[in-house]
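Heads up: the structure comes next, in structure tokens.
Atom set for the values below is all heavy atoms of this structure, side chains included, hydrogens, waters and symmetry mates excluded. Everything numeric here is computed off the predicted structure, so don't read it as measured data.
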Amino acid sequence: MSFFTDLAHQYIDGEWRPGKGSWDIIDFNPFDGEKLASIPVATADEVDQAYRAAERAQQAWADTNPYSRRAVLEKALGIVEEREQEIGEAIVAELGGTRLKAAFELHLAKEFLREAIQLALRPAGQILPSPTEGKENRVYRVPVGVVGVISPFNFPFLLSLKSVAPALALGNAVVLKPHQNTPICGGTLLAKVFEDAGLPAGLLNVVITDIAEIGDTLLEHPVPQVISFTGSDKVGRHVATVCAQNLKRAVLELGGNSALIVLDDADVDYAVDAAVFSRYVHQGQVCMAANRILVDRAVEAEFTEKFVAKVASLTVGDPADPATQIGPLINSSQAESVSKLVDQTVAAGATALLHGRADGNLVSPSVLTGLAADSPVLQQEIFGPVALLVPFDGEDEAVRIANDTPYGLSGAVHTGNIERGVRVGQRIHTGMIHINDGTVHDEPIVPFGGEKSSGLGRLNGDSMIEAFTTQKWISIQHGRSQFPF
């Protein structure tokens, strides 16, 4: 596809060029295996070039009137709107997103771009009093300088844009490394959008590479002051460790093992709809997905029957077909891993109400119940179309089970009493929880992030200012200080 081959380059200091590594990253369509592009990897030296270009360009950008920065982002939004169909087709092809998923990702991307446009004008300083006579204290909000962004494969366009656009709006420069499975949608597509929007060269650089080639260069390099990483908690721990060793700030949006709780007074039909979407959207490859569906025994039989029936009706197939609801997993390794996990869990004693099978990268949905309380599968994130149904007796047990996980990203509570739901939600150790809704939500001005192994820091809205700026204190002595010697 010419769309992919045209963007199959590194983008460094405003130039499109091949990487100088000795091997290629091959970009495949996960549904039919079509080779979309072949991209020579960037070397550690090219990562250095990208960071140095960002460093050179950043100060002039920070000094640019924020209204001018805002204008560039406004143009970028217009370009995304103009090319929405083309970008949607790329999401379907490169990551196996369904038509519905592509539309969902693009809708959110445009909303986050609109928020980034406003963010350019939002940082505000302070004048603070001093106990010293004649002194004035000014506190300025200034860009951190250069931000390194590492994005995942599941929502690559959105989750790259989510850090890149605010960082640029606030006067920073960026070096972006997209996931190897989505180098175009998560990387060079953004570079093209911002290049066409008039962003000066050097402010956004995209390096398509792998740790096997560059090691920890992206993290250890002296130029970036903040690393924004979205991905697994295993890799996130490594990112946090390296950043701490190099005295960098890390913003980490990591995995989840969210619980959707159905209380005894819930609207069962509505809870079923919310649970099916929360578990199976984008084949379950969503950090906020409802891995565990906890159901009060008073409604367990009704919920289970309706849930299994709805899941069984989902259409699995070609993501380009508008009727498809479950497309392929991102690669064969992921498909094999999910299938193996289901088989192992059933072999250990769980009951498969639906036992999904793999056909290439297509994995049909599974629904498992009868899990032992100490089953390992209850403790981990499942990045695939597998639901775990867990019964409980009363609120206290629901809260205990929901909190029995190393993760704390999202969650949901379904009940006929909103304040009851809020009380239960307050007891769940998670960064986000939704009453009478699904677990998969992200909004531009609401703090997004997790507790425990689900991450560090928050993104969105004013949290972006905290993430991508720093404070600088300048004091002015209008009189004369008295010194003791």
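- Asp442 has its side chain within reach of Phe112: a pair of non-hydrogen atoms, C-beta onward, lies under 4.5 Å apart.
- Donor-acceptor pairing under 3.5 Å is recorded for the side chains of Arg237 and Ser453.
- Asp24 and Lys35 are not joined by a salt bridge, as no carboxylate oxygen comes within less than 4.0 angstrom of a charged side-chain nitrogen.
- Checking Ser151 against Ser160 by side-chain atom types alone, a donor-acceptor pair falls below 3.5 Å.
- Counting all heavy atoms, side chain and backbone alike, Ser258 lies closest to Ala289 at CB-O, 3.4 Å.
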Quiz item: Under the side chain to side chain contact (heavy atoms under 4.5 Å, CB included) criterion, do Leu119 and Arg122 qualify, and how do the steps go?
Solution: CA-CA 5 Å; Leu119 205 61; Arg122 201 174 298 164; 3.7 Å; yes
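- Using a 4.5 Å cut-off on side-chain heavy atoms (C-beta onward), Phe31 and Asn361 make no contact.
- For the pairing with Leu113, the side-chain contact (heavy atoms from CB on, under 4.5 Å) check across Ile79, Leu161, Leu158 returns one residue only, Leu161.
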Side-chain donor-acceptor contacts of residues 377-384 below 3.5 Å, not counting sequence neighbours, with atom names and distances?
| residue | atom | partner | partner atom | Å |
| --- | --- | --- | --- | --- |
| Gln379 | NE2 | Asp404 | O | 2.9 |
| Glu381 | OE2 | Gly256 | N | 3.1 |

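- Residues Phe104 and His282 have side chains not in contact (no heavy-atom distance under 4.5 Å, counting atoms from C-beta outward).
- Side-chain atoms of Phe3 and Leu189, non-hydrogen and from C-beta on, do get closer than 4.5 Å to each other.
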Practice problem: Go through Asp196 and Arg83 one step at a time and tell me if the side chain to side chain contact (heavy atoms under 4.5 Å, CB included) criterion holds. | Solution: CA-CA 12 Å; Asp196 290 351; Arg83 302 175 188 172; 2.8 Å; yes
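- Side-chain contact check for His9 versus Thr188: every heavy-atom pair is 4.5 Å or farther apart.
- Judged purely by distance below 3.5 Å, without hydrogens or angles, the side chains of Thr43 and Glu46 pair a donor atom with an acceptor atom.
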All N/O donor-acceptor pairs, side-chain side in residues 91-98, below 3.5 Å, sequence neighbours left out:
| residue | atom | partner | partner atom | Å |
| --- | --- | --- | --- | --- |
| Glu94 | OE1 | Cys185 | N | 2.8 |
| Glu94 | OE2 | Ile184 | N | 3.1 |
| Thr98 | OG1 | Lys101 | N | 3.1 |

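- Judged by distance alone, with hydrogens and angles left aside, the side-chain atoms of Lys248 form a donor-acceptor pair with the main-chain N or O of Pro224 at under 3.5 Å.
- Closest approach of Gly186 to Leu176, counting heavy atoms only: O-CD2, 3.3 Å.
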Practice problem: Let me see the working for Arg99 and Glu89 under salt bridge (charged side-chain N to carboxylate O under 4.0 Å, His left out), right down to the final yes or no. | Solution: CA-CA 8 Å; Arg99 298 281 182 190; Glu89 295 288 347; 2.8 Å; yes
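- Looking at Thr345, its side chain does come within 3.5 Å of a backbone N or O of Leu341 through a donor-acceptor pair.
- Within the 4.5 Å cutoff, side-chain heavy atoms of Lys162 are placed close to those of Met464.
- Taking a cutoff of 4.0 Å between a charged side-chain nitrogen and a carboxylate oxygen, Glu451 and Arg458 qualify as a salt bridge.
- A heavy-atom distance below 4.5 Å is found between the side chains of Arg249 and Thr470.
- Side chain to side chain, Arg69 and Thr64 fail the donor-acceptor criterion of an N or O pair below 3.5 Å.
- Side-chain contact check for Gln285 and Asn154: no donor-acceptor pair (N or O, by modelled atom type) lies under 3.5 Å.
- Under the 4.5 Å side-chain criterion, counting only non-hydrogen atoms from C-beta, Gln283 is not in contact with Val363.
- Salt-bridge check for Asp6 with Lys192: failed, with every basic side-chain N at 4.0 Å or more from each acidic carboxylate O.
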